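Everything numeric in this text was worked out from a predicted model, so none of it was measured.
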There are 2 protein chains.
Amino acid sequence: MVVDMLSEDEVDRLFQALADATRRDIVARVLIAEYSVSGLAEQYDMSFAAVQKHVAVLERASLVTKERRGREQIVRGQVDGVQKARRLLDEYEEIWRQRVDRITDILAADAQDED
Amino acid sequence: MVVDMLSEDEVDRLFQALADATRRDIVARVLIAEYSVSGLAEQYDMSFAAVQKHVAVLERASLVTKERRGREQIVRGQVDGVQKARRLLDEYEEIWRQRVDRITDILAADAQDED
DNA sequence: CATATCTACAACCATATGGTTGTACGTTAC
DNA sequence: GTAACGTACAACCATATGGTTGTAGATATG
C-alpha cells in the first residue's frame, strides 16, 4: 500500500540530497544533536558557505529544519524525511518479492503439469 | 550493527542513481521483468542513447545487471542494491531513535531529581 | 550477401552541482 | 558605539549530468 504520495520532484530532492557524503554526515550529526550552521561548518574542511549550501539542499529535501535562535540558525534532523525515503525503497523490495512469488507460482504450476 | 561496509563512493552512486525519476522507473520495471535496453528505450520519450546512459548509471550503482543474449543486452533488477540503500536509511532512523531514548532518560532523571 | 536490429561510444550542448571568495547585514558582547 | 560573530547571498569557476546526433561494430534475418 502506498501511503506517501510524494511527488517525483520531492523524491528526486530526497535521494539527491542523500547522494553526498558530507550531507549524509550532517544528517547523522543533527539527528543526534542540534548544531548551528557555523557549528557544523567547524566539522568540515570546507568554507562556511559550502556547508551553508549543503544545509540548504538538505532543507529543501525535508531532511533537516532550520530555526533561528538569536544570531544563530539551529539545524535539526527531520526523521520523517529519512522514513519517506526508506518506505520508497521498501516498495521496490515489495515489487521484487511479488515477482519472486509469481515465478514460484509458475514453477509450481509447471510441476503440476508434469504430474 | 553495520553489516554493509559500503564505501562512501558506493553509497554516493546508489543514491545518485535513485535521484532520477526515469531511473527509478527503470528499476521498478526490471525488478518485475527482464527488458532489453532497446525494450526499455521504447518505454520513454527520449533517445536510445539517453536510456542507455541511465542503465549504465544504474549498473555502476549495482541496481541492475546487464547480460548479453545474442545481439540484445538483457537488463535485470538487482534487489540487494535496493536493500543496501534501505539498510543505510535504517541506520539513520536508529541513530534518531537512540537520541529520543536518551532524551527520554534525561527527562526521567529530571523527574527523579524533583522528587 | 545484403539489410535490418541492437548496442557502444564519441562529440557536443545546456544546465546543475560543489566548491571558492567577497560583500553586506542583523545580533551579541565589550 | 564598536568590534566580533553568525548568517545570507551574489559572482565566479571547474566539473558532472542529462540530453542530443552521428558513426561504427556485432548479430540476426531475408
Side-chain angles (χ1 to χ4, degrees), chain A residues 7-30 33-77 85, chain B residues 7-30 33-77 85:
Chain A
S7 75
E8 292 295 275
D9 280 359
E10 284 178 283
V11 183
D12 284 4
R13 281 196 296 271
L14 250 179
F15 286 123
Q16 221 280 319
L18 289 167
D20 180 280
T22 303
R23 285 197 294 265
R24 286 193 301 275
D25 194 75
I26 291 176
V27 169
R29 284 181 188 276
V30 298
E34 299 180 353
Y35 278 81
S36 68
V37 180
S38 53
L40 282 172
E42 289 169 17
Q43 313 293 326
Y44 307 101
D45 186 27
M46 65 182 77
S47 67
F48 172 82
V51 174
Q52 205 178 21
K53 279 193 188 179
H54 282 308
V55 172
V57 170
L58 291 170
E59 196 182 13
R60 272 190 294 126
S62 305
L63 284 167
V64 308
T65 58
K66 279 196 311 187
E67 188 192 345
R68 182 130 233 140
R69 195 162 66 198
R71 65 183 162 188
E72 291 184 328
Q73 198 81 258
I74 302 301
V75 184
R76 293 196 185 81
Chain B
S7 74
E8 292 295 276
D9 280 359
E10 284 179 284
V11 182
D12 284 3
R13 281 196 295 271
L14 250 179
F15 285 123
Q16 221 279 321
L18 289 167
D20 179 280
T22 303
R23 284 197 295 263
R24 286 193 300 276
D25 194 76
I26 291 176
V27 169
R29 283 181 189 276
V30 299
E34 299 179 353
Y35 278 81
S36 67
V37 179
S38 54
L40 281 172
E42 289 169 18
Q43 312 292 326
Y44 306 101
D45 187 26
M46 64 182 75
S47 69
F48 172 82
V51 174
Q52 204 178 21
K53 279 193 188 179
H54 281 309
V55 172
V57 170
L58 291 170
E59 197 182 11
R60 272 189 295 127
S62 306
L63 284 167
V64 307
T65 58
K66 280 197 310 188
E67 188 193 343
R68 182 131 234 142
R69 195 162 66 198
R71 65 183 162 188
E72 291 183 328
Q73 198 82 256
I74 302 300
V75 184
R76 294 195 184 82

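The shortest distance between the side-chain N/O atoms of A:Gln52 and the OP1/OP2 oxygens of D:dA8 is below 4.0 Å. Within the 4.0 Å cut-off from OP1 or OP2 of D:dA8, at least one side-chain nitrogen or oxygen of A:Lys66 is found.
In this structure, CD of A:Gln73 is placed 12 Å from C1' of C:dG26, rounded to the nearest angstrom. Between the CD atom of A:Glu72 and the C1' atom of D:dA8 there is a distance of 15 Å, rounded to whole Å.
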Any chance you could list the contact pattern along nucleotides 17-30 of chain D? Use B for base contacts, S for sugar-phosphate-only contacts and - for none, protein heavy atoms under 4.0 Å, 5' to 3'. SSBBB-----BS--
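Annotation: side chain of B:Glu34 is in contact with side chain of B:Arg69 (closest heavy-atom distance under 4.5 Å). Looking only at side-chain heavy atoms (C-beta outward), B:Asp25 and B:Gln43 stay at 4.5 Å or farther from each other.
Atoms NZ and CD1, from B:Lys66 and B:Ile74 in turn, are 11.5 Å apart once rounded to the nearest 0.5 Å.
Partners of B:Arg71 under the side chain to side chain donor-acceptor pair (under 3.5 Å) rule, at least two apart in sequence or in another chain, do not exist in this structure. Scored by the side chain to side chain donor-acceptor pair (under 3.5 Å) test, B:Ser62 finds no partners at all (sequence neighbours excluded).
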Using the rule given for side-chain contact (heavy atoms from CB on, under 4.5 Å), can you reason through A:Gln52 versus A:Gln73, listing the C-alpha separation, both sets of side-chain angles and the distance that settles it, and then say yes or no? CA-CA 10 Å; A:Gln52 205 178 21; A:Gln73 198 81 258; over 6 Å; no
